[in-house]
Number of protein chains: 2
Amino acid sequence: MTTANNDIVMIENALQGLLPPDQSSERLVVEAMKYSLEAGGKRVRPRLVLEFCRLCGGTDEKALPFACAVEMIHTYSLIHDDLPCMDDDDLRRGRPSNHKKFGEAFALLAGDALLTMAFEVINSDEAASLLGDRACRLASKALASYAGAHGMIGGQVIDLQNENTAAPIEALREMDAKKTGCLIKAACELGCIAAGADEEKIKAAREYGESVGLAFQIQDDILDKISSDEELGKPVGSDEENKKSTYVSLLGVEKCVALVDELTEKATASLAAFDGDSQGLAELARSLAKRKN
Amino acid sequence: MTTANNDIVMIENALQGLLPPDQSSERLVVEAMKYSLEAGGKRVRPRLVLEFCRLCGGTDEKALPFACAVEMIHTYSLIHDDLPCMDDDDLRRGRPSNHKKFGEAFALLAGDALLTMAFEVINSDEAASLLGDRACRLASKALASYAGAHGMIGGQVIDLQNENTAAPIEALREMDAKKTGCLIKAACELGCIAAGADEEKIKAAREYGESVGLAFQIQDDILDKISSDEELGKPVGSDEENKKSTYVSLLGVEKCVALVDELTEKATASLAAFDGDSQGLAELARSLAKRKN
C-alpha cells in the first residue's frame with residue numbers, strides 16, 4: 001500500500017474512533033454526521049496535517065487530533081454548501097447529499113455539530129496530554145480564523161455575491177483563496193503546530209498551502225471544463241461558457257495548465273525551508289496537480 | 001444603574017469591540033452577524049460568566065472573552081433555529097428574524113461564522129495573555145461539549161423528534177436540559193474556569209446552572225400559557241392545549257409555579273460551596289424566576 005493509502009486508512013480509523021455512539025436520543029444527528037464524514041474523498045486536508053507534522057519532526061499520533069478536526073470542518077462546509085438555500089445539490093460524491101438523505105433540519109444540525117466537534121477534538125484532554133495546552137490553543141485559534149467570516153465562510157459570501165455575474169480574475173482569486181485556500185493553509189499550519197515548529201516554518205507551510213490551494217482550484221476548473229466538453233461532444237477548450245467566471249473561462253485551458261504547473265513548482269520550492277524529508281509533500285502537490293477527478 | 005444593567009452595557013461593548021470591521025468583501029455576513037448579536041435580550045449567559053468569575057475571585061476583564069463567546073454560541077443557535085427548515089420564525093425579539101432580513105443563505109453563514117468566532121475569541125492571544133493557555137483550552141473543551149451533538153444540538157434533535165407528539169415529562173426534561181440547560185451550565189462553568197476555580201466549585205456552578213436552566217424553561221412555559229390565555233380571553237390555566245407537551249400542559253400552572261420556586265431555592269443553595277459574596281447570583285436566579293417576559 002502507498003503512503004497516501006496508509007494515511008487515508010489511518011485518518012478514517014481515527015475519525016471513526018471519535019464519533020460518539022449513536023444509541024442515544026441524538027442518534028439521528030450522529031447518523032447524519034457519520035454519513036458525510038465517512039463518505040471518503042481524497043482526505044487531502046488531514047493528509048497535509050500528517051505530512052507537515054512529520055516534516056517538522058512530530059509523530060502521527062500528535063497530528064491525528066488536528067487532522068480529524070480539519071476534516072470535520074471541511075465536511076460541515078460541504079453539508080451546509082449543498083443545502084437548498086446555498087448550492088442546492090442533490091448529490092455529493094455520487095451519493096445523495098446529506099439533506100436529501102436526512103432532511104434539511106438534520107443536515108443543518110449535523111453541520112453545526114461537526115463544526116462544534118472539531119473544537120472539542122482539538123481541546124480534548126487526550127489531545128492536550130499529547131500536544132500540550134499551548135499547541136491546542138494555537139491550533140484552535142488558527143482553525144477558527146481560517147474557517148471564519150474572513151476565511152472560508154468569507155469565500156462563500158463572495159461566491160454568493162458573484163453568482164451569475166462574470167467576476168474578474170481578482171474576485172475569483174480572492175474567493176478561492178478564502179473558500180478553498182484558507183482551510184488548506186489551516187491544515188498545513190496545524191501540522192506544524194502539532195510538531196511545535198517555529199514561526200519561520202509555519203510561514204513556509206502557509207506558502208505551500210497557498211500555492212497548492214490555488215492549483216487545486218484551477219485544476220478543478222480544468223477538469224470541469226474537460227468533462228462538460230466531453231459530455232457535449234465539443235472539442236476541449238471550446239469557448240462556449242456559462243455566465244459564471246472560472247479560471248478556464250477567463251484564461252483558457254492552456255494557460256491554466258501552465259499555471260497549475262507553475263504553482264506546483266512554487267509549492268515544492270517552499271519546502272526548502274524545512275530540514276526533513278519533504279518528498280511526501282512534493283509528491284502530494286504533484287499528484288493533486290495531475291489528478292483526473 | 002443596577003449591576004445587571006452595568007453588566008449588560010459592559011457585555012455589549014465587549015461584543016461590539018470583537019466584531020470585525022464590515023468594509024471587506026464579507027461585509028454582508030458581518031452585517032448579518034451584528035444584526036443578531038446586537039439585538040439585545042437579557043444577556044443571561046454572559047452575565048452568568050461574569051458573576052461566577054467574580055464569585056471565584058476573578059476579574060471582569062478575564063471573564064469577558066468567555067462571556068462573549070457564550071453569547072455568540074447562543075446567538076448562532078437562535079439564527080439557525082429560526083430558519084425555515086427548523087422553527088420557521090419570521091420574528092425574533094420583535095424584529096424580522098435574521099433570514100427574513102438577510103435571506104436564508106446569509107443567515108446560515110452568519111450562524112456558522114458566529115459559532116466559529118466563539119472559538120476564535122476564546123483562543124485569541126489577548127485572551128491567552130489574560131487567562132493562560134490552559135484556561136483557554138478548558139473553556140473551549142467545555143463550550144464545544146455543551147454546545148455539541150450531546151448538548152445543545154442534541155436538545156434540538158430531541159425537539160425535532162417530539163414535534164407534534166405529546167412527549168412525556170421525562171422526554172421534555174431531557175430536551176430542555178440539553179437545549180437550554182447545557183449552554184447555561186457552560187456559562188457558569190466558563191466563569192469558574194476564567195477565575196481558575198477548582199473542580200469542586202465547578203461542580204457547584206454546574207448544579208446552579210442546572211436548576212436555573214430548568215426553572216428558566218418552566219417559567220417560559222408559564223409565561224407562554226398566560227399570554228396565550230390572555231389573547232384568547234380564557235382564564236389562566238385553562239386545560240385546552242395544543243398537541244406539543246409543555247410543563248404547563250403536563251403539570252398545570254400551579255405545580256409549575258411551585259417548581260420554579262423550588263428550583264430557584266435549589267440554585268441559591270448550591271452557592272454555599274463558594275466563599276465569596278454570592279448575592280449577585282442569588283438575585284439573578286430570583287429575577288429570572290420572577291420575570292414577566
Side-chain angles (χ1 to χ4, degrees), chain A residues 20 24-30 33 73 76-77 80 83-86 99 103-125 128 132-134 136-141 143-145 147-151 153-154 156-158 160-161 171 174-175 178, chain B residues 20 24-30 33 73 76-77 80 83-86 99 103-125 128 132-134 136-141 143-145 147-151 153-154 156-158 160-161 171 174-175 178:
Chain A
S24 59
S25 348
E26 300 90 55
R27 191 173 21 83
L28 262 175
V29 80
V30 176
M33 291 163 79
I73 296 281
Y76 115 76
S77 78
H80 281 189
L83 284 171
C85 69
M86 299 286 292
H99 67 275
E104 276 184 61
F106 283 103
L108 172 70
L109 293 176
D112 290 343
L114 282 168
L115 165 49
T116 309
M117 197 180 173
F119 293 98
E120 196 178 352
V121 169
I122 292 183
N123 293 291
S124 68
D125 293 335
D133 292 322
R134 185 171 169 75
C136 297
R137 206 265 299 169
L138 291 174
S140 301
K141 181 186 97 161
L143 188 57
S145 161
H150 293 290
I153 294 173
Q156 285 171 306
V157 172
I158 300 172
L160 282 173
Q161 285 169 331
E174 190 193 353
M175 178 189 85
K178 291 183 169 170
Chain B
S24 59
S25 351
E26 300 91 56
R27 193 171 18 84
L28 262 174
V29 78
V30 176
M33 292 162 79
I73 297 281
Y76 114 76
S77 78
H80 282 189
L83 284 171
C85 69
M86 300 287 292
H99 66 275
E104 277 184 60
F106 283 103
L108 172 70
L109 294 176
D112 290 345
L114 282 168
L115 164 48
T116 310
M117 197 179 171
F119 293 98
E120 197 178 350
V121 169
I122 291 183
N123 293 291
S124 68
D125 294 335
D133 292 322
R134 185 169 169 77
C136 297
R137 206 265 299 167
L138 291 175
S140 301
K141 182 186 97 162
L143 187 57
S145 162
H150 293 290
I153 293 173
Q156 285 172 306
V157 172
I158 301 171
L160 281 173
Q161 285 169 331
E174 190 192 354
M175 178 189 85
K178 291 184 169 169

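Considering only residues two or more places apart in sequence or on other chains, B/Glu104 meets the salt bridge (charged side-chain N to carboxylate O under 4.0 Å, His left out) condition with none of them. By the ring pair (Phe, Tyr, Trp, His ring centres under 6.0 Å) test, A/Tyr76 pairs with A/His80, sequence neighbours left out.
By number of non-hydrogen pairs under 4.5 angstrom with chain B, the leading residue of A/Cys85, A/Ala113, A/Pro84 is A/Cys85. By number of non-hydrogen pairs under 4.5 angstrom with chain A, the leading residue of B/Met175, B/Gln161, B/Met117 is B/Gln161. For the options A/Ile158, A/Leu143, A/Leu115, heavy-atom pairs under 4.5 Å to chain B are most numerous at A/Leu115. Heavy-atom pairs under 4.5 Å with chain B were tallied for A/Gly148, A/Cys136, A/Ser145; the largest tally goes to A/Ser145.
At least one side-chain heavy atom of B/Leu160 sits less than 4.5 Å from a side-chain heavy atom of A/Leu109.
Of the atoms belonging to B/Leu83, it is side-chain heavy atoms, and not backbone ones, that fall under 4.5 Å from chain A. Neither the backbone nor the side chain of B/His99 comes within contact range of chain A, judged by heavy atoms closer than 4.5 Å.
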Would B/Asp112 and A/Asp112 count as a side chain to side chain contact (heavy atoms under 4.5 Å, CB included) here? Give the steps. CA-CA 7 Å; B/Asp112 290 345; A/Asp112 290 343; 3.6 Å; yes
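The shortest non-hydrogen separation linking A/Thr116 to B/Ala144 is CG2-O, 3.3 Å.
In this structure, B/Leu138 CG and A/Asn123 CG are separated by 8.5 Å, a value rounded to the nearest 0.5 Å. The distance from the NZ atom of A/Lys141 to the CD1 atom of B/Ile122 is 14.5 Å, given to the nearest 0.5 Å. One finds the CD atom of B/Gln156 at 11.5 Å from the CD atom of A/Glu26 (value rounded to the nearest 0.5 Å).
Contact check on A/Asp125 versus B/Arg137 returns a salt bridge, with a Lys/Arg side-chain nitrogen under 4.0 Å from an Asp/Glu carboxylate oxygen.
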